[in-house]
Amino acid sequence: VTGCTTGTPGGTGASAGSSDDSTYDVAFIPMVVGAPYFETANTAMQEAAEEIGGINWIYQGPDTADAAKQSEIVQNMITRGVDAIVISAVDGTSVVPVLQQAMDAGIHVYTWDVDTDPDGRENYIGIGSMEDFGAHMVDSLVSQMGESGQYAVITGSLSANLLNERIDAIKAYSAETYPGLDLVSVEGADVDPAKAYTIAQNLLTAYPDLKGIISNSSEAAVGAARAVQQAGKQGQVYVTGISTPNVMKPYIADDSAQIINFWDLEKYAKLAVYVTKDLLDGKTYSEGTVSGYDGYDQLTYSGDVLLFNEFLDFTADNIDEYDY
Amino acid sequence: MKRLFSRYPTEWVLVGLFALLFIVVSALSPSFLTAGNLFQLARQMVELAIITCGMSVVIITGGIDLSIGAQVGLVAVTMAVLVAHGWPLPAAMLAGLLVAVAAGLINGALVGVLGVPSLVATLGTSLAYGGAATVMSDGRAVSSFPTSYFVFGQSFVGPVPAQVFLMIAIVIITAYLLTSTRWGRHVYLIGANPVAARFAGIRTARTLMATYVFAALLAYVVAVVLSSRTATARVDLGDAYVLSAISAVVFGGISIAGGRGNVVGAILGVAVFTVIQNGLGLANVSVFIQTVVIGSILIIVLTGREIAKRVRTSRRKTAPVFGAITTSKERQA
Amino acid sequence: MNATLAAIVRRREIVIAASIVVISCVVAVISPQFMTVSNIRNVLTSNAVMAVLALGMTIVLVPAHIDVSVGAQLAVTAVVVGDIVTAAQTQSAIVNTGTMLLLGVVIGCVLGALNGLFVALIRLPAIIVTLGTSSILRGVLYSTTNGAWTSGVPAWLTSSQVDGPVGIPGVLIVVAVATVLLAVYMHRTTSGRDVVALGGNREAALRFGVNVSRVDFLVFVIMGAFSGLAGVLYLVQMGSAQPGAGVGFEMTAIAAAILGGASVFGGRIHIGGTLLGVLLLGVIQNGLVLSGVPVYWQDLVSGLIVVAAVTAAVIQDRALLMARLNSSATTKEER
Amino acid sequence: MRTGSETLIALDHVSKTYSGITVLRDASIEIRAGEVLALVGENGAGKSTLIKILSGAEHPDPGAQLTYFGQTHDAVDPVRTLHWGVSVIYQDLSLFPNLTVAENLGFTRAREGHGVYRPSAWRSAAVEVLERLGLDFDVDAPVETLSFGQQQMLAIARAVATEARVIVMDEPTSALSAVETEILYRIVDELRAAQVGIVFISHKLDEVFRICDRVMVLRDGQVVTTGGIPDFTQDDLIAAMVGRRTEYAASRVEGEAGEEILGVDDLLVGGTTQGVSFSVRRNEIVAITGLVGSGRTELAHTIFGMTPARSGRLRVDGKEVVIGSPADALAHGIGYLPEDRRLQGIFAGHSIRTNATVAALDRLVDRFRRIVPRKEDALVARYTRDLDIRPALPSADASTLSGGNQQKVLLARWMAAEPRLLIVDEPTSGVDIGAKREIHRLLQGLAASGTGVLVISSELSEVLALANRILVMRGGRIVGETTPGESTQESILTLELQGDHQ
Ligand SMILES: Nc1ncnc2c1ncn2[C@@H]1O[C@H](COP(=O)(O)OP(=O)(O)OP(=O)(O)O)[C@@H](O)[C@H]1O
Ligand SMILES: Nc1ncnc2c1ncn2[C@@H]1O[C@H](COP(=O)(O)OP(=O)(O)OP(=O)(O)O)[C@@H](O)[C@H]1O
Ligand SMILES: [Mg+2]
Ligand SMILES: [Mg+2]
């Protein structure tokens, strides 16, 4: 695997219309603003931009995770003539046409966290492979409930591609690795913890032998843990999966939820800024220098994809160390 | 001129507001007032404007169509799934058209023939249409369209995005239908007083069916433009437009109780919203502040208009004709 | 005797109740868990928030208004009360729960009064005002919290969902009290009659001494109080609150009220119908999961059920009108 | 004039301007205890407006002097006048359709209570009031299920029930038949005896002469004359109202009726078990009369396709037809002028033009189905002229017209549709005497030109003046048929009441 380059050769400050030539205007476009995940990420990114200097980190996204709205924001960024766009795509294909427009306009496009089709961007900075993470989620649950028994998945919006891919990974891995596991149901709760709660309650009722719930979105975990807590089923039903630390602390504390599969979000977010800066500066990566950043020792780099690879599970032991 | 003003007070307020916003936003962001961005702006309006045309007509009849967004998703997903199954594009697009017509007919039949309150009827069908699309696509984005399809949402006539012309044509056609045809007249009168409309020999059921089918056809157009622009079909493709369209409609002076207002006002409403979103976005104002601005403008502008009206007529304390309208609706059997 | 029976059968509530029964029977056949005490209790408690919102909406709909800001009002209340209660970290349960409920109601009233002012004094259409305030409230809430959740709500507050006098969940008692208060207000006070009269004929209400502006204002304050109450119940139920809480709840609340017999054109009041409307939607959601309908099919199925139920209700309304026409002429002839 | 009795209310220098148009000019009115004051004038003269100002529902232009029960006020509102004992029967009735009869009756009195609503108390009070007035309604029925005439009686009952000191009646008898009108007269007499001051607005001059003590004539917003009833003749009043003397010659279309246009066979109306059968022929005016609630309107609704028939057959031009909706009826050349013009007729917020042409749009469109403004304007202009609609401003909002002018707009709607059979339900309700003659003349003209006309009317003089044949209904059935030549008001009334079959 050879080190790869930025999209444009000699790309120092191809700053299309930025007012101050010495700094890069970089637009970070999350799937949705106002979600704790992206807010936390943005805060960390701003910090990193501050640390590095020379980057004006712009945060602008749709108020609902809507692909068309996200495209419009990309368009606005083209108009503003930023130097680069870092995007977490609502879905991998619908923003591609507009991202291509951006690249045509000389703007560098990188994806962070959620990738698009490769022809929509130059580089992708991601957490790790979906298969690995799905497997990790299943393993976490198995570590609690054991290798056999019924479990269910509660996801967010049914039309969220990222979540759907994760479900596929979960299904594939558990079917292959743990034949004793029985996925009784997949339910969708949108981004509404109250709905997730009701659904979790219903699942507990419908499947009295249910032993585990995997959460596939922050809201789902809260709802599931709350349902287990209310039903007093701690120790009988295990809740693991995606969420963020702060909202889950009370549930981890009273054993209504056990493991939150996550990653060090702040660190992961900062990576995006470091990498963006380097790419904009025209730096070329080779295997050796990928992990050139302090503390990032598990980065892997293949083609135009850079992976963070550090999964982090929050459990009763460590969750109090994180505050977001 | 004066007559023109007194006949369309809301529209003129909106034009004024639009101009004012233009100035403010240009000052806030240097990149706003560039030819490129103005075309961009027009392009960003397209889908909402077309949806708003359909919503306007439905709201003028005194109804509402919450399922328009789901229809967009359903049509787009139908076409994409059929293409993925190897259908030729024209056949898939025809099938999408039929699906749209069917969706409109179902809404129209529920509201017009059975007399189900449109709000619940279309909330229900919205779930059902969205659900059907979810079943077809397993909730996934489908990107099976051939590149030839992208002409509908990604092509340009000179520097102008092609769909802008489509939007202009649809707005003109809608305005024409509403103001100059028998159907348009009936649409207004059903909204003003459905009971009297029946007594006047208007085929209310048929007219309402046509209305909901009209809205569905525009949803179809939006589905094509949007899925072509984004090269993808998704269940939730049109969801974001429903509430915005309703806001634009009421902002533009169409009475939610039906019977009054015109589509041009609603489109001006769309323009105002788009300028705010585009301009403030360019000026790097957070979406949430944009939301606050839009909400405030909605209230402030209409409050200003209302107070001005009251000062003008200096009529005190009466609640004109509203009661009469309310009671007439009640007896809609 | 027969007449009273007939009158009962003709009530709007019957159709919705019948729909609930039919769905329940189907689900009960598929899933033995459905007809268990704990499930029924779950269905009731998890719809408490919606019940409170829909009750408030019923009143707003009577004078032909509408309030689409209730979801945002709920979120504001839940977040503010949540922040206060987590900051205060007091211990004694019963008094404090009451205080929090009261606090929620007060916050809700203030938010409702804001809507009410514009509707009653400026006479803007309610849909515009509430669309506007909804955007404003959400925008402000997100901007101030940056989307952060309020969590760590103490157990004394959240536990009142399950605990309660004589084993009845606390939230249900709140719903019951709210229902009774509302019913008494609407059916046993002249002020409540004023609201209904206003919905029947606004102009006449004005002429017969109803203070129309006051009524308009009042219904929005009442709605606000109910949203505030719902906000606290949400907090109690979830143990956390976020600025996105209650998104879309307004539509469900409106739909439930209309299912129950309310009309967007005003003048109709069916408090029991509203509760049944909420229950119907709740049972559908519960039944879909319990009977194992795959998630991708759930929206389709619930959409079809909603359409079927409301159509049945409308057809029954029409039959009722015809029956009344016929019976009135008959009695005249008999005389 | 009976007594030089005490003045209860006096309004002076009352003017009212609606967006530039003056509808009242320096008018004055004086209401005295124990006296019935008639207020007459053409449609749009300003009668209802004066009454709304009296009750405080509308505010006069500055400069008015308002004295109520000896106290002068700058401004009044409905709540206060109601409280002082001013009770108004508005022209639009102002009932609450969604409340029951008992709730409507109790509504005003409840305002004096302590905020507690006791349905049982309201109910028994309502029963008592209705009994006292000799009315029998189901007190638990929602008002929207009552016929228009019944609603009018209810509005009267409500006004009387408040024990007011001044009662204003704005055209209380417009949809009442002879029997109910008698009840009203009796009530008025009782009130007068109880020293209540009464204002009685009516277009029926015989009624004015029968029960009123004093009369005041409004023309174009000004008081033109006022004085004791004995000092006037009907012709004097008419002259004062219209500003000149007019002749009225009811010229019934005599001669042979043509072939049948509408045939009704055994149509079941309402809950009856016996069908209705009759026919209407070309060049013929057939009148249907009966008491309030006798089912005339329901019959018309059934023919017009508004309510489904339970059984029976309809023939149009000898061919059996199925009419499932008013649109079908219109397609078969049947028009219907409804009795409740506010709910079933006028499109509030829409222009006179739009209101008048809605049923005739088919003839106003070009090849591209565009409504041709020129044709539309011409049609409106013609009927504005023929019917003397005021203001003659096609773009004016129809709901701001006076009651009588709204009625004329609706009539224009149906005449413009050029039906072969026109059913008119209380066609002259609320219409002034000049316009009434005009409408009669137009209906006769329609019949003369070959249209079949079916008139539903409670006013026996109208029926006798217009019709070639008279059908009398009772309880949803036709109980008698007669001709003007062989009957009198009394004989028809007897039929209405007793309904013996021939
Ligand atoms: N809200 C309004 N806006 C504009 N004009 C109005 C309004 N209300 C009434 N008018 C006008 O005032 C005039 C007087 O109306 P009013 O109802 O007092 O007449 P009226 O004497 O009661 O007639 P009728 O016998 O037909 O009932 C009419 O020309 C009418 O068009
Ligand atoms: N919309 C309605 N809903 C329910 N009942 C009605 C309705 N309209 C009429 N009725 C009932 O049908 C009966 C016949 O009424 P209809 O209106 O046909 O009588 P009518 O002879 O025209 O009397 P009126 O002079 O009062 O109009 C009445 O007793 C009334 O209670
Ligand atoms: Mg009048
Ligand atoms: Mg009648």
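Proteins get letters first, then strands, A, B, ... in listed order; numbering begins at 1 in each.
Of the atoms belonging to B:Ile256, it is side-chain heavy atoms, and not backbone ones, that fall under 4.5 Å from chain C. Contacts of C:Ser134 with chain B are absent, with no heavy-atom separation under 4.5 Å from either backbone or side chain. Proximity to chain B is limited to the side chain of C:Leu124, based on heavy atoms less than 4.5 angstrom apart. Only the backbone of B:Val113 comes within contact range of chain C, with at least one heavy atom under 4.5 Å from a heavy atom of that chain. At a 4.5 Å heavy-atom cutoff, the contact between B:Ala132 and chain C is made by backbone and side-chain atoms alike. No part of C:Ile284 comes within reach of chain B, as not one of its non-hydrogen atoms sits under 4.5 angstrom from that chain. Interface remark: B:Leu66 contributes side-chain atoms only to the contact with chain C (heavy atom separation under 4.5 Å). Proximity to chain C involves both the backbone and the side chain of B:Leu114, based on heavy atoms less than 4.5 angstrom apart.
Heavy-atom pairs under 4.5 Å with chain B were tallied for C:Ser135, C:Ala256, C:Ala309; the largest tally goes to C:Ser135. Per-residue counts of heavy-atom pairs under 4.5 Å with chain B were compared for C:Ile122, C:Val68, C:Thr311, C:Val301; the largest is that of C:Ile122.
When all heavy atoms of B:Leu298 and C:Leu131 are compared, the pair lying nearest together is CD2-CB, 3.9 Å. When every heavy atom of C:Ala255 is checked against every heavy atom of B:Val120, the shortest pair comes out as O-CG2, 4.3 Å. Closest approach of B:Gly124 to C:Val306, counting heavy atoms only: CA-CG1, 4.1 Å. Among all heavy-atom pairs drawn from C:Ser143 and B:Phe288, the shortest one is OG-CB, 3.5 Å.
The side-chain contact (heavy atoms from CB on, under 4.5 Å) with C:Val310 is formed by just one residue from the set B:Leu119, B:Leu123, B:Val116; it is B:Val116. Under the side-chain contact (heavy atoms from CB on, under 4.5 Å) rule, B:Pro117 has a single partner from C:Leu259, C:Val264, C:Val314, C:Ile254, which is C:Val314.
Separation of atoms OG1 (B:Thr291) and CG (C:Leu141) is listed at 11.5 Å; rounding is to 0.5 Å. Rounded to the nearest 0.5 Å, atoms CD1 (B:Ile299) and CG (C:Asn115) are 7.5 Å apart. The CZ atom of C:Phe118 lies 7.5 Å from the CD1 atom of B:Ile300; values are rounded to the nearest 0.5 Å. Atom OG of B:Ser255 sits about 10.5 Å away from atom CD1 of C:Ile127, to the nearest 0.5 Å.
Within the 4.5 Å cutoff, no side-chain heavy atoms of B:Ser126 are placed close to those of C:Asp299. Annotation: side chain of C:Leu300 is not in contact with side chain of B:Thr134 (no heavy-atom distance under 4.5 Å).
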